[in-house]
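Report on one structure; see the data block that follows.
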Amino acid sequence: MTREGGSELEKNKRRAPIGVFDSGLGGLTVLRSLHRRLPCENLVYFGDTARVPYGTKGAPTVRSFARQDAGLLVDRGVKMVVVACNTASAFALDHLQETLPVPVLGVIEPGVTAALQATRGGVVGVIGTSGTIRSRRYQEGLLAGGLSEDNIMALECPLFVPLVEEDKMGQTMMHLAVQEYLQPLKDACVDTLILGCTHYPLLKEDIGAFMGPETVLVDSGDMLAEAAVKLLREKELLRRDSLEKDEANSTGEMSFLLSDLPWKFADIGERFLGRSIEDTTIVGLDEMEAAGYQHERDNHD
Ligand code: DGL
């Protein structure tokens, strides 16, 4: 018997990779959190770089893209799907949880839970793409957690995504955007702010400097990694060696699937992931459409 124990089938299930998808490269911040927390799990990342951004698109389009993204990962044999994209979590998580044959985790619930734990005065802000904010998923989660509508301030910050991708952190352009978008949150004295977008963890310093040290910034990625450990354990899918090692001794491998290779892929990817990216495969949109269709059909036969 190996140290993993159990039947061959069970061992294979535990050893399968975790699939993570995002509209583009922003989800690499979530992948980074997952790898830090689960350094021995293999991770397969899919970034829909051909069709990013999702944050400006309508719900049916995002849901259809998300179904294809997740379907592609299920086809690769993943044991769990993590929806790293806030916009896709907002519009498609329920649908994916109902239709996919593996557990699915999104970023919104972990972010809401963390904010509810962190708030001292009960005044919480959330920032994200237009889609995420208009879906009201964060707001509904906070209301369900006992906050009142008057104590929740949700704001769309669409310019943050391109500014982060252009590496404008700490620069005048970014300071202006931060001030323009976040002044109402400061005026409302929010004590906790949910960074409800994959790109915003890279803005922690700019946002923190503007909001001041009293405002707790909640990074959904870190909370998601905790939720992933819990869910994998519950479903008996956690590798037995998963939590024994630290990041420096990690054995988990990462592989990357993208629907397009953006010009600045290497720069942006490294900034988001904190290391260079190897082992990248380009997946055509035809294959993705087929993946979405396949899982839809499987569930309606
Ligand atoms: N990944 C998206 C999110 O977290 C941001 C980029 C986009 O608009 O697609 O909502």
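When a ligand or atom number is given, it counts from 1 through the structure's own listing order.
Scanning Gly55, Ser220, Ser23 for the heavy atom closest to atom 8 (O) of ligand 1 points to Gly55.
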Given the rule in the side-chain contact (heavy atoms from CB on, under 4.5 Å) test, do Leu43 and Val82 qualify, once you have shown the distances and angles that lead to the verdict?
-> CA-CA 10 Å; Leu43 304 171; Val82 170; over 6 Å; no

Report the C-alpha separation of Met80 and Val102 in whole Å, then their side-chain angles, then the decisive distance to 0.1 Å, and conclude whether the side-chain contact (heavy atoms from CB on, under 4.5 Å) test is met.
-> CA-CA 5 Å; Met80 175 170 89; Val102 295; 5.5 Å; no

Working for side-chain contact (heavy atoms from CB on, under 4.5 Å), residues Ile133 and Gln139 = CA-CA 8 Å; Ile133 298 305; Gln139 297 93 308; 4.0 Å; yes

With ring-ring contact (aromatic ring centres under 6.0 Å, His included) as the test, would you mind laying out the steps for His175 and Phe210 before giving the verdict?
-> CA-CA 8 Å; His175 292 159; Phe210 180 74; 9.6 Å; no

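The shortest N or O to N or O distance between Thr56 and ligand 1 is not below 3.5 Å. Close N/O approach between Pro53 and ligand 1 is not found [any backbone or side-chain N/O within under 3.5 Å].
Against a heavy-atom cut-off of under 4.0 Å, Cys197 is close to the following atoms of ligand 1: 3 (C), 4 (O), 5 (C). Each of the following atoms of ligand 1 lies closer than 4.0 Å to a heavy atom of Val52: 9 (O). Close approach to Thr129 involves these atoms of ligand 1, each under 4.0 Å from a residue heavy atom: 5 (C), 8 (O), 10 (O). Within ligand 1, the atoms closer than 4.0 Å to a non-hydrogen atom of Asp22 are 1 (N), numbered from 1 in the order shown.
A 4.5 Å side-chain heavy-atom check between Leu237 and Pro103 finds at least one atom pair inside the cut-off.
When only non-hydrogen protein atoms are considered, atom 10 (O) of ligand 1 lies nearest to Thr87 OG1, 2.6 Å.
A distance of 10.0 Å separates OG of Ser259 from CD of Gln68, quoted to the nearest 0.5 Å. A distance of 12.0 Å separates CD of Glu236 from NZ of Lys79, quoted to the nearest 0.5 Å.
Counting heavy atoms closer than 4.0 Å to ligand 1, residue Asn86 contributes atoms from both its backbone and its side chain. Here Val107 has no heavy atoms under 4.0 Å from ligand 1, in either its backbone or its side chain.
Nearest heavy atoms, Asp260 versus Ile282: C-CD1, 4.0 Å.
Residue contacts with ligand 1 do not include Gly26, since none of its heavy atoms lies under 4.0 Å from the ligand.
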